[in-house]
Amino acid sequence: MTSISRRAVLGGTVAAAVAGAATSPAYAADVQITDAANTITLVASPDAGEVRVIDGAGVQRFALTTFEYASGSGENKVTLRTTGITSVDHVPGTQQFKITYAAPVGQVVGVFTVGLRKARIRWDVTNVTNLRTDSFRIERVVSGTATEHYDPVVLWNRDRDPDTGAFRGGVPFETTNGVCYSYTWSDNRAVIRFPQSTLAFSNNGYLHAIGDASGFLESTIVLGAMRPHSAGVIARDGDLGIELWTDQPFNLWNTGGSRTVKLEVVNAGLTTRSVRVDWVARDWNGGTTTGTTSGSVGARAVWNASFSVTLGARDIRFVEAVLYDGTTEAAFARTTLSTLSTYTYGDGEQSMFGMGNFAYLQEPSSSAVLGLLKLLGMKWIRTAYRAYNGHSASPGPTVDALDQNAFLHNMQLARELPWGGETTAAWADDMVGRAMYSGARYYECANELNLTAPEKTPAEYVTGVLEPLREAMNAKGATFKVMTCGLAGYPEQWIQDFGAAGGWQHVDVLAYHPGRGNYTPDYEPPEPWTNETRWNFLGTLKKAIVAKGTKELWLTEAYAGTQPNRWWTDTYRHAPENVFLQLALAKAYGVRCVTWYTLNDSIQQQPMEANADSVEYHHGLLHRDLGAKPSLLAFATAARWLDQSTFLGWADLGDPDLFGLVFSTPTGKVNVLWSRKDGYVLNADPARRLAASPAYYRTPEPWEDQWPTKTNVIVPTPAATTSVRELNCLGMDVATHQASNALVTVRLDGSPRIFIGLALPLTGGTP
């Protein structure tokens, strides 16, 4: 075995330098390993303290240098870094070497192995007390000009029983299997994969990674001109993989027509494979277009193909491609394509529509995200702020970008609330200054205190937070409005105690988050509410209206979560119905603004990752891959048809199970009608439940109609009307009904629909 001691070599270098310039210094020899096909080379350089990564063309792509780790926690956390390479051990003729690093505490060893188009690296950190394996970071120096991108390796799964593996029939779902940092040069690509990483903890110098409890961390580097998903499949030692995408942002077009869907098949194995891909595109009613294509994919290589799907003027298509190895399904992928025409909104500052979370993932660009928000009719951004007083700016589009694009923006921020302590005055001064500097129209003072600070009373919030905030506002001449903290659900006792403590005199707005379980938005359950039924929309909305008095009412986090195969959340079919109806009811009941909880599935800390077991990953209007959910079209439909509208009243349809909202708009009356013949409780089919898995619900696909009862109802039209236009909650024209003698027959079910051309009588009562 060849073992090179860096300490000995450095000693020789110093001795040579002292002896005189005529004596050449001695350097530790580099150690090189290359795979048999000469596709990747690693060079360990002890004196440089690095491992260089070289591709098959002899071009250096990276240098891996310092390994960072930590011990302890909180104030006792200590960050440690290696300071070079102590030794390199290599067995001649093998494709592996072991590096021992110079470490300030404990021992850090890396084992490097090369194979076809990839290198595997295992770091082991030992003999460190209270080692923080969630705080590993690897320094990498990228050669040449390359773009870096964070790309989780996400895989599609069929829903199967966790014990038997049998297919249960629920909707497919995605899971994350490692994350990649991908690099693209003009002539090549590469990824560095870790099992887990948090993007916010990585920077231009270091990549964050999470090791296992024993101090072990594995990473894989893959070289080759392929998409990050394909490289990730190779990195994780997969078999075959497939990915679908389009070159259009959000797979969303303004007009219908033939659209190209691209696919890439990857073969992670070491022999060439012949494969077949069958694809299907389904419309909202389940109609299908299908096709098939075949090809050959080399060892650890990719094969690319494409197919076309035709979209209508307002449309969504659910696309699936299944990869077959012979007759066996090897992998599959899904995405959505959609059409949403442009629209000029007229509400301006009176708009009721906005975004409730940071648009944190700026994909494919900040301008594209802002353009999408405009297209959806969003005018308000719940939280945006500039860097101020040593604090960083909010993630996502900058305040300046929002101003330039005519968005109105607020600030939801608290940091550590002072609760009347010695830092109170400084906290209030900082918050007021930051809101003013950021041009915030409203300041939402903290978030969900009824959940996050249950030990604190509303009275403490009033005296220890809101009162000093108002004092600072008066001192600085601030004119922004103040919201209560966005309350989780509707905590009735908390709000009563808030009023009793004199809270209303310090705020301009009641803000709350109308959480909703498996109920339709118009469900007002009988009281007393249980722990489940208190998560309703309409009942809490009515209570909030009474409680707020003359104050404004904002719903600063509204949502229709689509966690797959769970009975408590919405299906992909029910979600757009509930998006549309929540917004229509909010408009009818005078809500000042609804800011939708989040733009895309995933969470800010793990952008573009997938987690089928966490509801937080499933609140977006966009899927994780940024293709539109049906919910996105429903949001735009509400924003467009309710633009510049005034609520006239509830329609009298002559049946206690049939409902309607009537709005006046600049273009005429807009009628929203639906039926509750099938009740208010969603996901209630016992055949889709499993006694052994109480949370499980075999979710139907989005193109499956879930309302069995269809009710024909005769309704009046203006005398001169000859036809009535019907649109579904996605804004698609679904029927034109012929009127006769100022009457027309329409068919209703549990899905709210828009009808244009009716003259409905109103109930005469107030909402």
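Just so you know, these numbers come straight off a predicted model, no measurement behind them.
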Check Ala488 against Asn450 and note the closest heavy-atom contact, atom names and distance.
-> O-ND2, 2.9 Å
Can you name the closest pair of heavy atoms from Leu622 and Leu626 and give their distance?
-> CD2-O, 3.6 Å
Within 45° of the axis and under 6.0 Å from the centre of the six-membered ring of Trp567, does NZ or CZ of Arg689 qualify?
-> yes
Output the distance between atom [atom1] ([X]) and atom [atom2] ([Y]), rounded to the nearest 0.5 Å.
| X | Y | atom1 | atom2 | result |
| --- | --- | --- | --- | --- |
| Leu673 | Leu760 | CG | CG | 6.0 Å |
| Glu577 | Trp674 | CD | CH2 | 12.0 Å |
| Thr598 | Asn357 | OG1 | CG | 4.5 Å |
| Leu581 | Cys729 | CG | SG | 9.5 Å |
| Gln706 | Thr699 | CD | OG1 | 9.5 Å |
| Leu538 | Thr520 | CG | OG1 | 9.0 Å |

Does any part of the side chain of [Y], heavy atoms only, come nearer than 4.5 Å to the side chain of [X], both counted from C-beta?
| X | Y | value |
| --- | --- | --- |
| Phe353 | Asp643 | no |
| Arg434 | His391 | yes |
| Lys551 | Val509 | no |
| His618 | Tyr559 | no |
| His506 | Glu467 | yes |
| Met431 | Leu413 | yes |
| Pro761 | Pro716 | yes |
| Phe580 | Leu730 | no |

Pair [X] + [Y]: basic N to acidic O under 4.0 Å:
| X | Y | value |
| --- | --- | --- |
| Glu552 | Lys481 | yes |
| Arg640 | Asp347 | no |
| Asp657 | Arg676 | no |
| Asp508 | Arg470 | yes |
| Glu527 | Lys543 | yes |
| Arg534 | Glu492 | no |
| Asp403 | Arg386 | yes |

In sequence, state the C-alpha distance, the side-chain angles, and the governing distance for Lys629 and Thr562, and then conclude on side-chain contact (heavy atoms from CB on, under 4.5 Å).
-> CA-CA 10 Å; Lys629 289 183 182 178; Thr562 56; 2.7 Å; yes
Check whether more than 12 heavy atoms from other residues, nucleotides or ligands sit under 6.0 Å from atom [atom1] of [X], and answer yes or no.
| X | atom1 | result |
| --- | --- | --- |
| Glu75 | CD | no |
| Tyr388 | OH | yes |
| Tyr680 | OH | yes |

Compute the centroid of each ring, for Trp554 and then for Trp380, and state whether the two points are separated by less than 6.0 Å.
-> yes
CA sep, side-chain torsions, deciding dist, call: Thr665, Ser645, side-chain contact (heavy atoms from CB on, under 4.5 Å) | CA-CA 4 Å; Thr665 76; Ser645 68; 3.7 Å; yes
Step-by-step ring pair (Phe, Tyr, Trp, His ring centres under 6.0 Å) determination, Tyr572 to His623 | CA-CA 11 Å; Tyr572 289 117; His623 288 288; 5.4 Å; yes
I would like to know whether Asn518 and Asn683 meet side-chain hydrogen bond (donor to acceptor under 3.5 Å, both in side chains); could you show each step before the answer?
-> CA-CA 7 Å; Asn518 64 323; Asn683 304 337; over 6 Å; no
Full working for ring pair (Phe, Tyr, Trp, His ring centres under 6.0 Å) between Phe498 and Trp504 = CA-CA 8 Å; Phe498 175 80; Trp504 293 115; 5.2 Å; yes
Less than 3.5 Å apart, any donor N or O on the side chain of [X] or [Y] sitting next to an acceptor on the other?
| X | Y | result |
| --- | --- | --- |
| Gln404 | Asp400 | no |
| Thr637 | Arg314 | yes |
| Asp570 | Asn578 | yes |
| Ser751 | Asp749 | no |
| Tyr345 | Ser351 | no |
| Tyr360 | Ser602 | yes |

Heavy-atom donor-acceptor pair, [X] side chain to [Y] backbone, under 3.5 Å:
| X | Y | answer |
| --- | --- | --- |
| Glu444 | Met411 | no |
| Thr569 | Gln563 | yes |
| Ser438 | Tyr385 | no |
| Lys379 | Ala406 | yes |
| Gln505 | Gly502 | yes |
| Thr198 | Ala200 | no |
| Asn405 | Ala401 | yes |
| Thr571 | His574 | yes |
| Thr540 | Phe537 | yes |
| Tyr490 | Lys542 | no |

Can you name the one residue among Trp641, Phe647, Phe755 that meets ring-ring contact (aromatic ring centres under 6.0 Å, His included) with Phe663?
-> Phe647
Check the pair Arg566 / Tyr697 against side-chain contact (heavy atoms from CB on, under 4.5 Å), numbers first and verdict last.
-> CA-CA 5 Å; Arg566 297 295 191 275; Tyr697 188 80; 5.7 Å; no
Should the ring pair Tyr461 and Trp494 be called parallel, tilted or perpendicular, given that the plane angle runs from 0 to 90° and is split at 30 and 60?
-> tilted
Name of the residue among Leu376, Leu373, Thr383, Thr595 meeting side chain to side chain contact (heavy atoms under 4.5 Å, CB included) with Met355 | Leu373
Given Val594, which of Leu585, Leu555, Thr556 fulfils the side chain to side chain contact (heavy atoms under 4.5 Å, CB included) condition?
-> Leu555
When you look at Thr484 and Ile495, which way does the side-chain contact (heavy atoms from CB on, under 4.5 Å) test go after all the steps?
-> CA-CA 10 Å; Thr484 63; Ile495 293 175; over 6 Å; no
